[in-house]
Amino acid sequence: MAEIFFYHLTESTLDEALPTLVEKSVGRGWKATIQTGRTETRDALDGHLWTYRTETFLAHGRDGDERPEDQPVFLTVSPDNPNGAQIRFIVDGAEPPADLSVYERIVLMFDGLDEQAVAAARGHWKGLKAAGHALTYYQQRNDGGWERAA
């Protein structure tokens, strides 16, 4: 069964926090899929991952690109796993895919300043817990780092 982590953003934006977590995953030798709830968010992340720091970028593909299986990171709005990722990041209100068993880890990131996002995350927590998954909750510290809270 996949490890499932909830990341509660309170001090930084998704654009600030996501690339570092994806870098760590790719550094482990994992492929990553980032699932967004809207095509606009996917498209914005597509540009952002190429330019978020001047000294580096995250090579990636996105829906519609050829050879998704060759991509270390893949951006999608679908529940599919086109690059055979070991880790899936679920952001922007996207719904977790029905089959989580193909992943080592699932990371649900949500904006703690958005009431709807918090309510959706609570709903996912309850549903995944009831399905027997082991869940871990990380709260953001004032310095932007992460602290395990549950």
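The first residue in the sequence is number 1, and the count goes up from there.
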Practice problem: Using salt bridge (Lys or Arg N to Asp or Glu O under 4.0 Å) as the criterion, list what pairs up with Asp43, not counting sequence neighbours. | Solution: Arg62
Quiz item: Minimum heavy-atom separation for Pro72 to Val26, with atom names?
Solution: O-CG2, 4.4 Å
Self-check item: Step-by-step side chain to side chain contact (heavy atoms under 4.5 Å, CB included) determination, Leu14 to Met109
Solution: CA-CA 8 Å; Leu14 179 67; Met109 299 181 76; 4.0 Å; yes
Quiz prompt | Listed partners of Thr76 passing side chain to side chain donor-acceptor pair (under 3.5 Å), at least two apart | solution = Asp63, Ser78
Self-check item: Sidechain-backbone polar pair: His133 side chain, Ile4 backbone, donor-acceptor under 3.5 Å
Solution: no
Quiz item: Quick one: side chain to side chain donor-acceptor pair (under 3.5 Å) partners of Trp146, sequence neighbours excluded?
Solution: none
Self-check item: Results of side chain to side chain donor-acceptor pair (under 3.5 Å) for Gln140 - residues two or more places apart only
Solution: Ser12
Exercise. Go through the structure and list residues passing side chain to side chain donor-acceptor pair (under 3.5 Å) with Arg67, not counting sequence neighbours.
Key: Asp70
Quiz item: Shared ILVMFWY cluster between Phe5 and Leu100, side chains joined below 4.5 angstrom?
Solution: no
Self-check item: Over all atoms of both residues, closest heavy-atom pair of Arg105 and Ala2
Solution: N-CB, 4.4 Å
Can I get a per-line list of side-chain donor-acceptor pairs under 3.5 Å for residues 110-126, giving both atom names and the distance, sequence neighbours left out?
| from | atom 1 | to | atom 2 | distance (Å) |
| --- | --- | --- | --- | --- |
| Asp111 | OD1 | Leu113 | N | 2.8 |
| Asp114 | OD1 | Gln116 | N | 2.9 |
| Asp114 | OD1 | Ala117 | N | 3.2 |

Exercise. Establish, yes or no, whether a centroid distance under 6.0 Å links the rings of Phe6 and Tyr137.
Key: no
Quiz item: Around atom CD of Glu66, are there more than 12 heavy atoms of other residues, nucleotides or ligands at under 6.0 Å?
Solution: no
Quiz prompt | Any donor-acceptor N or O pair under 3.5 Å, side chains Arg38, Thr41 | solution = yes
Self-check item: Stepwise side chain to side chain contact (heavy atoms under 4.5 Å, CB included) test for Leu49 and Ile34
Solution: CA-CA 11 Å; Leu49 293 180; Ile34 302 168; 4.1 Å; yes
Quiz item: Under the criterion side chain to side chain contact (heavy atoms under 4.5 Å, CB included), which of Leu75, Ile90, Asp80, Val91 is the partner of Gln35?
Solution: Ile90
Quiz item: Is it true that a side-chain atom of Asp143 and a backbone atom of Gly145 form a donor plus acceptor pair closer than 3.5 Å?
Solution: yes
Exercise. Measure the shortest side-chain to side-chain distance between Pro79 and Asp99 over non-hydrogen atoms and say whether it is less than 4.5 angstrom.
Key: no
Exercise. Could you tell me whether Arg53 atom CZ has more than 12 heavy atoms of other residues or ligands within 6.0 Å of it?
Key: yes
Quiz prompt | Expected output: side-chain Asn83 to main-chain Ala32 donor-acceptor under 3.5 Å | solution = yes
Practice problem: Flag the pair Gln71 / Pro82 as yes when at least one side-chain heavy-atom distance between them is below 4.5 Å, and no otherwise. | Solution: no
Quiz item: Going by heavy atoms in the side chains, are Thr136 and Glu3 under 4.5 Å from each other?
Solution: no
Quiz prompt | Hydrophobic cluster identity match, Val73 and Phe89, side-chain contacts under 4.5 Å | solution = yes
Quiz prompt | Nearest heavy atoms of Asn81 and Tyr103, plus distance in Å | solution = CB-OH, 3.3 Å
Quiz item: Honestly curious: do Val107 and Val22 fall in one hydrophobic cluster under the side-chain, below-4.5 Å linking rule?
Solution: yes
Exercise. Using atom types as modelled and distance alone, determine if a side-chain donor or acceptor of Gln139 lies under 3.5 Å from a backbone N or O of Glu147.
Key: no
Quiz item: Do the side chain of Glu23 and the main chain of Leu58 share a donor and acceptor less than 3.5 angstrom apart?
Solution: no
Quiz item: Given the rule in the side chain to side chain contact (heavy atoms under 4.5 Å, CB included) test, do His60 and Asp46 qualify, once you have shown the distances and angles that lead to the verdict?
Solution: CA-CA 8 Å; His60 64 277; Asp46 181 27; 2.7 Å; yes
Quiz item: What distance separates Asp92 CG from Leu45 CG, expressed to the nearest 0.5 Å?
Solution: 8.0 Å
Quiz item: Sub-3.5 Å donor-acceptor pair from the side chain of Glu16 to the main-chain atoms of Thr13, do we have one?
Solution: yes
